Amino acid sequence: MTARLKLAVQKKGRLAEGGFDLLRRAGVKLAYARDELTRRAENLPLDLMLIRDDDIPNFVASGACEFGIVGENVLKEAAARSPRIAGLETVMALGFAKCALKLAAPKDGPVRALADLQGRAVATTYPGLTEAFLSARGITAEIVEMGGSVEVAPRMNIADAICDLVSTGATLEANGLTAFETVLESEAVLVRAPGARAPEIEETAALLSERFTGVIASRQTKYIMLNAPTARLDEIRAALPGADAPTVAPVVGRDDVVAVHAVCTEEVFWHTLEALKAAGARSILVLPIEKMMP
Ligand code: PRT
Ligand code: ZN
């Protein structure tokens, strides 16, 4: 019987959403839920373990799962407390669940910068990362550990500042807080414990990593098709973001125009299209790329 790779994924939440989407795009077909804790892949020797994100580093470090998908924020906080978790290897960044752990304080209060925190209280659900960040900068502050709703701490006079995850900034804004320092930039990562394992597990792991890499690359890669005036081809090529070798083909019945097809590996914004149009490009089409393999 082939050994099956066990991958720890968040059961429900922001990481679960991105994780399941990544797996689906990587061609993993999940069988109907057998139980609450595991999901079996139908077409690969792969089983998912569905758990809380905070438990993922421990599941991987203990060997209960060979791999895990977890936020760097959770991973590094756990690593600050456990050397075994600090020894986990990050295989790759996965490009979703992006956020930042930031220090923030009331807009019109006395705390404006890092130095103002000296001798004050900071509320957080990330005591390990917060403490390490402050002490590395010579700041001694009282860390008030909270289970959640950290943004209310200053208003309730529990702390002078907070250290919390921010993505859009709307939560800080709604609570009258301003961020003044970034402790950590974070995104979802694929982690594994160091050491050798069964060759079948390594094979599945290699296949998944390669497919994940392809999915991540194809997310921002687009296929552009346009018609360009032959005389301005160089200008148009220069305006194509991250396109090394576009295909240039004749357009039937026109010798002043050529068709240009290119794979753009950098994001294609509206202003990119406007620049192409200004350079004489017409009939511009931007298509998503579903799969990529070098
Ligand atoms: O039940 P379980 O423990 O598994 O879930 P959870 O409630 O701990 O996690 P969940 O699903 O909320 O978040 C999982 C992971 O998503 C986090 O560990 C981060 O790696 C990542 N992530 C990305 C975020 C955010 N963005 C985020 N904005 N996690 C939390 N937030 C919260 C933040 O704590 C704050 O309260 O959203 C609020 C701020 O958002 P903005 O958009 O208002 O700035
Ligand atoms: Zn959690």
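What you see is a predicted model; the values in this text were computed from it and never measured. We count ligands from 1, going down the list as the structure has it; atoms in each ligand are counted the same way.
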The atoms of ligand 1 lying under 4.0 Å from a heavy atom of Gly71, numbered in the order shown, are 20 (O)
For Leu50 and Arg39, what are the C-alpha separation, side-chain angles and deciding distance, and is it a side-chain contact (heavy atoms from CB on, under 4.5 Å)?
CA-CA 8 Å; Leu50 309 183; Arg39 294 282 306 263; 3.6 Å; yes
Trace of the salt bridge (Lys or Arg N to Asp or Glu O under 4.0 Å) decision for Asp234 with Arg237:
CA-CA 5 Å; Asp234 285 347; Arg237 281 187 62 176; 5.4 Å; no
Counting from 1, what ligand 1 atoms have a heavy atom of Asn73 closer than 4.0 Å?
17 (C), 18 (O), 19 (C), 20 (O)
Near Gly13 (heavy-atom distance under 4.0 Å), the atoms of ligand 1 are 11 (O)
Is atom NZ of Lys277 surrounded by more than 12 heavy atoms (other residues, nucleotides or ligands) closer than 6.0 Å?
no
With a 4.0 Å cut-off, strictly under, does atom 4 (O) of ligand 1 pick up any protein heavy atom?
yes
Please classify the Ala170 to ligand 1 contact at 4.0 Å (heavy-atom distances, strictly less than): side chain, backbone, both or neither.
both
Quick one: look at Asp53 and ligand 1, take heavy-atom pairs under 4.0 Å, and tell me if it's side chain, backbone, both or neither.
both
Run the numbers for me: atoms of ligand 1, each under 4.0 Å from some heavy atom of Leu15, listed by number.
15 (C)
Which protein non-hydrogen atom lies closest to atom 36 (O) of ligand 1, naming both residue and atom, and how far is it?
Asp164 OD2, 4.0 Å
State whether the number of non-hydrogen atoms from other residues, nucleotides or ligands found under 6.0 Å of Gln118 atom CD is greater than 12.
yes
Should Val286 and Ile289 be regarded as members of a common hydrophobic cluster, given that ILVMFWY residues are connected when their side-chain heavy atoms come within less than 4.5 Å of each other, either directly or indirectly?
no
Give a yes or no on whether Glu89 atom CD has more than 12 heavy-atom contacts from other residues, nucleotides or ligands under 6.0 Å away.
yes
Please work out whether any backbone atom (N, CA, C, O) or any side-chain heavy atom from C-beta onward of Leu172 is under 4.0 Å from ligand 1, and answer side chain, backbone, both or neither.
neither
Hey, which N, O or S atom on Asp54 ends up closest to the Zn ion (ligand 2)?
OD1
Quick one: which ligand 1 atoms are inside 4.0 Å of a heavy atom on Val166?
44 (O)
Any idea which of Val189, Val74, Thr171 brings a heavy atom closest to atom 40 (O) of ligand 1?
Thr171
Protein heavy-atom partner closest to atom 24 (C) of ligand 1 - residue, atom, separation in Å:
Arg14 CD, 3.3 Å
Check the hydrophobic clustering (I, L, V, M, F, W, Y; side-chain heavy atoms under 4.5 Å; chains of links allowed) and say if Met292 and Ile216 are grouped together.
no
Kindly give the atom name of the N, O or S atom of Asp53 closest to the Zn ion (ligand 2).
OD1
What I want to know is whether Ser186 and ligand 1 share at least one N or O pair that is separated by under 3.5 angstrom.
no
Heavy-atom count around Glu173 CD within 6.0 Å, excluding the residue itself: above 12?
no
Do Glu151 side-chain atoms and Leu172 backbone N/O form a donor-acceptor pair below 3.5 Å?
no
Could you find the nearest protein heavy atom to atom 26 (N) of ligand 1 and give me its residue, atom name and distance?
Cys99 CB, 3.4 Å
For ligand 1 and Glu151, I'd like to know whether there is a polar contact (N/O to N/O, distance under 3.5 Å).
no
Answer with side chain, backbone, both or neither: which part of Val150 has a heavy atom less than 4.0 angstrom from an atom of ligand 1?
neither
Considering the heavy atoms of Thr168, write down every atom of ligand 1 situated less than 4.0 Å from one of them.
41 (P), 42 (O), 43 (O), 44 (O)
Under-4.0 Å heavy-atom contact with ligand 1, by part of Arg52 that carries it:
both
Leu7 reachable from Val191 in the ILVMFWY side-chain graph, under 4.5 Å edges
no
Are Leu5 and Met92 connected in the hydrophobic side-chain network, where two residues link if heavy atoms are under 4.5 Å apart?
yes
Under 4.0 Å between heavy atoms, the region of Leu165 that gets near ligand 1 turns out to be both
List the closest protein heavy-atom neighbour of atom 6 (P) of ligand 1: residue, atom name, distance to the nearest 0.1 Å.
Gln10 NE2, 3.9 Å
Within one Ile-Leu-Val-Met-Phe-Trp-Tyr cluster: Val70 and Val9, side-chain cutoff 4.5 Å:
no
